[in-house]
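Throughout, residue positions are numbered sequentially from 1 according to the sequence presented. First listed ligand is number 1; within each ligand, the first listed atom is number 1.
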Amino acid sequence: MAFTKFVIRAFSTSTLHFNAVKTVTVIGSGLMGSGIAQVAAATGHKVTLVDKTKEIVDKAEVSIKKSIDRIVKKKFPDDAKAQLKYSTDVLANLNMSTDVLTAVKSSDLVIEAIVENLDVKRELFGLLDNAAPEKTLFASNTSSIPIKDIASVTKRKDKFGGLHFFNPVPLMKLLEVIRIPETSDETYNLLDAFGKALGKTTVQCKDTPGFIVNRLLVPYMVEAIRLVERGDASPRDVDTAMKLGAGYPMGPFELLDYVGLDTTKFIIDGWSKRDPENPLFKPSPILNKLVDDNKLGLKTGEGFYKYNKQ
Ligand SMILES: CCCCCCCCCCCCC[C@H](O)CC(=O)SCCNC(=O)CCNC(=O)[C@H](O)C(C)(C)COP(=O)(O)OP(=O)(O)OC[C@H]1O[C@@H](n2cnc3c(N)ncnc32)[C@H](O)[C@@H]1OP(=O)(O)O
Ligand SMILES: NC(=O)c1ccc[n+]([C@@H]2O[C@H](COP(=O)([O-])OP(=O)(O)OC[C@H]3O[C@@H](n4cnc5c(N)ncnc54)[C@H](O)[C@@H]3O)[C@@H](O)[C@H]2O)c1
């Protein structure tokens with residue numbers, strides 16, 4: 001009996017090892033996709049980062065190189081040779097592409113990090129499901145959309161999960177691994193092992209709105225906006241208060257600008273559509289005006305604050 005248990009355990013460990021994720025396609029090379037691709041490449045995975053145009057992927061490559069430069073300066077101070085080796089190794093694992101259907105053909109795992117819109121994500125996964133090999137795992141980095149609503153367009157719900165990374169991906173240590181009822185144990189274990197291989201601490205959560213972090217973070221951010229809309233305090237004073245009084249690294253308005261106000265609006269509009277009676281999700285005139293004016297935060301140089309364009 002003990003021997004049988006040993007054999008089963010040894011077999012399942014080796015199966016897991018055999019199947020471990022080695023090749024990854026990341027779709028969407030914006031804030032999150034470029035960070036996910038960078039970290040996966042830095043941990044020895046072969047990564048293809050895909051976006052819609054060459055101009056967009058070129059911009060992402062520049063931002064990845066900047067991030068790697070910051071990392072190597074800290075990791076190998078005063079060792080130019082080690083800095084160069086690290087950068088070269090990471091970049092050798094990273095391939096940029098605009099051809100998603102070819103990229104997924106040789107991928108163990110596809111991570112979607114495109115715009116936070118259910119219809120656009122479903123359209124993409126519908127195409128991917130026909131193009132990717134049967135064994136390929138699918139994951140979405142959505143902040144707020146139920147994973148089941150995205151996965152239902154595919155015929156591989158058992159191979160589908162959520163991998164919710166945090167911004168900035170190279171620095172934030174957490175990864176939420178989300179399973180839907182159909183996610184197989186093998187898929188969940190592979191996704192979790194992939195997260196750990198990236199150096200992240202993983203937590204498991206069901207496919208519940210906001211998962212863990214955003215379920216708690218969104219109401220806090222909404223209250224911050226309402227406080228300012230009522231004229232009770234300025235964004236600057238709210239941010240100062242939360243940094244110095246609550247010990248947060250960024251205040252809520254700095255964080256909104258950092259996340260992107262377009263993404264923020266997609267999140268809140270999506271939740272409002274799914275739960276229209278909930279007063280938490282009532283539209284915010286300030287947020288809507290900033291987005292209408294294309295003041296999307298750090299990425300466009302202005303949001304709640306103004307930034308020097310990088
Ligand atoms: C009704 C309408 C209301 C609507 C409201 C709805 C709200 C919805 C919002 C929800 C959003 C959810 C988004 C998502 O799903 C979940 C998230 O990701 S939430 C965001 C999580 N992230 C955070 O909370 C970040 C908090 N900030 C920080 O931890 C730090 O500020 C920082 C980002 C790490 C930066 O540190 P700082 O000290 O502030 O600044 P520095 O610039 O000095 O950086 C420190 C150090 O790090 C290096 N560094 C920074 N960025 C990078 C990078 N990208 N790559 C590599 N290295 C980086 C930098 O060089 C510094 O290095 P050092 O100088 O120390 O050597
Ligand atoms: N911004 C954050 O802090 C954050 C944190 C965690 C999760 N997320 C989630 O990650 C996802 C991406 O967010 P982001 O902030 O990186 O957005 P972003 O706007 O920075 O980048 C999105 C990228 O996807 C590309 N894209 C859109 N449709 C595409 C398609 N069909 N095929 C290929 N590329 C396409 C866009 O060109 C763009 O480059 C969203 O689901 C968001 O909710 C965001």
Side-chain angles (χ1 to χ4, degrees), residues 25-36 38-39 42 49-53 55-57 59-60 63-64 66-75 77 97-100 103 111-118 120-121 123-125 127-128 140-145 150 162-176 210-226 228-229 243 248-272 279-288 291 296-299:
T25 295
V26 179
I27 308 177
S29 70
L31 272 178
M32 296 306 290
S34 56
I36 297 165
Q38 178 189 329
V39 174
L49 177 57
V50 187
D51 211 302
K52 293 188 287 194
T53 67
E55 197 190 350
I56 303 176
V57 291
K59 206 171 141 209
S63 98
I64 291 173
K66 275 193 193 152
S67 173
I68 294 174
D69 277 351
R70 292 161 91 171
I71 289 167
V72 292
K73 285 200 181 103
K74 207 170 340 180
K75 223 172 157 70
S97 171
T98 53
D99 180 358
V100 72
I111 304 173
E112 167 276 309
I114 68 168
V115 63
E116 186 71 347
N117 176 303
L118 175 60
V120 182
K121 287 185 193 290
E123 188 187 344
L124 175 68
F125 275 111
L127 294 173
L128 299 180
S140 173
N141 180 51
T142 177
S143 298
S144 61
I145 298 172
I150 307 172
L163 285 176
H164 185 220
F165 289 85
F166 293 84
N167 182 17
V169 183
L171 299 191
M172 300 301 283
K173 295 185 171 62
L174 186 70
L175 175 65
E176 293 178 330
F211 314 131
I212 300 174
V213 171
N214 287 345
R215 184 64 165 262
L216 303 177
L217 185 63
V218 171
Y220 154 72
M221 307 282 261
V222 172
E223 279 307 323
I225 291 200
R226 307 282 188 229
V228 166
E229 283 179 339
K243 286 190 288 185
Y248 287 21
M250 285 176 169
F253 294 95
E254 290 167 334
L255 189 56
L256 287 166
D257 276 357
Y258 197 67
V259 163
L261 301 185
D262 48 348
T263 301
T264 299
K265 184 166 156 53
F266 275 125
I267 294 173
I268 218 70
D269 288 352
W271 279 10
S272 168
L280 193 66
F281 307 136
K282 267 192 4 219
S284 153
I286 292 185
L287 178 68
N288 288 349
V291 173
L296 306 181
L298 193 57
K299 61 174 130 180

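With hydrogens left out, the protein atom closest to atom 9 (C) of ligand 1 is Met221 CE, 4.0 Å, a heavy atom. Nearest protein heavy-atom contact of atom 12 (C) of ligand 1 is Asn214 OD1, 3.4 Å. Taking atom 21 (C) of ligand 1 as the reference point, the nearest protein heavy-atom neighbour is Asn167 O, 3.5 Å. Of all protein heavy atoms, the one lying nearest to atom 42 (O) of ligand 1 is Arg70 NH2, 3.6 Å. Of the protein's non-hydrogen atoms, Leu171 CD1, 3.5 Å is the one closest to atom 34 (C) of ligand 1. The protein heavy atom nearest to atom 19 (O) of ligand 2 is Lys299 NZ, 3.4 Å. Here the heavy atom of the protein found nearest to atom 28 (C) of ligand 1 is Pro249 CB, 3.6 Å. For atom 13 (C) of ligand 1, the closest heavy atom belonging to the protein is Ser143 OG, 4.0 Å. Regarding atom 10 (O) of ligand 2, its nearest protein heavy-atom neighbour is Asn141 ND2, 2.9 Å. In this structure, atom 42 (C) of ligand 2 lies nearest to the protein heavy atom Ser143 OG, 3.5 Å. The protein atom (non-hydrogen) at minimum distance from atom 39 (O) of ligand 2 is Asp51 OD2, 2.6 Å. Nearest protein heavy-atom contact of atom 6 (C) of ligand 2 is Phe165 O, 3.2 Å. Looking at atom 56 (C) of ligand 1, its nearest protein heavy atom turns out to be Ser67 OG, 3.2 Å. At the shortest separation from atom 33 (C) of ligand 2 among protein heavy atoms lies Ile27 CG2, 3.6 Å.
For a threshold of 3.5 Å applied to N or O pairs, the pair formed by Glu112 and ligand 2 contains no separation below that value.
Numbered from 1 in the order shown, with element, the atoms of ligand 1 that lie under 4.0 Å from a heavy atom of Phe166 read 16 (C), 17 (C), 18 (O). Applying the 4.0 Å criterion to heavy atoms of Leu217 picks out, from ligand 1, the atoms 19 (S). The Pro168 neighbourhood of ligand 1 comprises atoms 33 (C), 54 (N), with distances under 4.0 Å to a heavy atom of that residue. Of all atoms in ligand 2, listed by their number and element, those nearer than 4.0 Å to a heavy atom of His164 are 6 (C), 7 (C). When each atom of ligand 1 is checked for a heavy atom of His164 under 4.0 Å away, the hits are 14 (C), 15 (O), 16 (C). Remark: ligand 1 atoms within the under-4.0 Å shell around heavy atoms of Thr264 are 4 (C), 5 (C), 6 (C), 7 (C). Close approach of ligand 1 to Ser284 is summarised as follows: ligand atoms under 4.0 Å from at least one heavy atom of the residue are 1 (C), 2 (C). The Ile225 neighbourhood of ligand 1 comprises atoms 3 (C), with distances under 4.0 Å to a heavy atom of that residue.
If you look at Lys282 next to ligand 1, the close heavy atoms, those under 4.0 Å, all belong to the backbone. Contact annotation: for Arg226 versus ligand 1, heavy atoms closer than 4.0 Å belong to the side chain alone. Of the heavy atoms in Val213, none comes closer than 4.0 Å to ligand 1. At a heavy-atom distance under 4.0 Å, only side-chain atoms of Thr263, from C-beta outward, approach ligand 2. Within the 4.0 Å heavy-atom criterion, neither part of Tyr248 lies near ligand 1.
In summary, the side chains of Ser140 and Glu112 do present a donor paired with an acceptor at a separation below 3.5 Å, with no hydrogens or angles considered.
Relative to atom 21 (O) of ligand 2, the option among Gly297, Ala60, Gly30 with the closest non-hydrogen atom is Gly30. Scanning Met250, Lys74, Met172 for the heavy atom closest to atom 31 (O) of ligand 1 points to Met250. Remark: among candidates Val120, Ile114, Thr53, the nearest residue to atom 30 (C) of ligand 2 is Ile114, based on non-hydrogen atoms. Considering only non-hydrogen atoms, atom 1 (N) of ligand 2 lies nearest to Val259 out of Leu296, Ile267, Val259. When Ser34, Gly33, Ala113 are ranked by how near their heavy atoms come to atom 22 (C) of ligand 2, first place goes to Ala113. Among Asn288, Ile68, Val259, the residue whose heavy atom lies nearest to atom 11 (C) of ligand 1 is Val259. Which of Leu255, Asp269, Thr263 comes nearest to atom 20 (C) of ligand 1 through a heavy atom is settled by distance: it is Leu255.
Less than 4.0 angstrom separates atom 65 (O) of ligand 1 from at least one non-hydrogen atom of the protein.
Checked by atom type and distance alone, the side chain of Trp271 never pairs as donor or acceptor with a backbone atom of Phe281 at under 3.5 Å.
At a threshold of 4.5 Å between non-hydrogen side-chain atoms, the residues Asp262 and Lys299 count as touching.
Remark: distances from the non-hydrogen atoms of Glu123 to ligand 2 are all 4.0 Å or more. Not close to ligand 1: Lys73, with no non-hydrogen atom less than 4.0 angstrom away.
Every residue two or more places apart in sequence or in another chain was checked for a salt bridge (Lys or Arg N to Asp or Glu O under 4.0 Å) with Glu123, and none qualifies.
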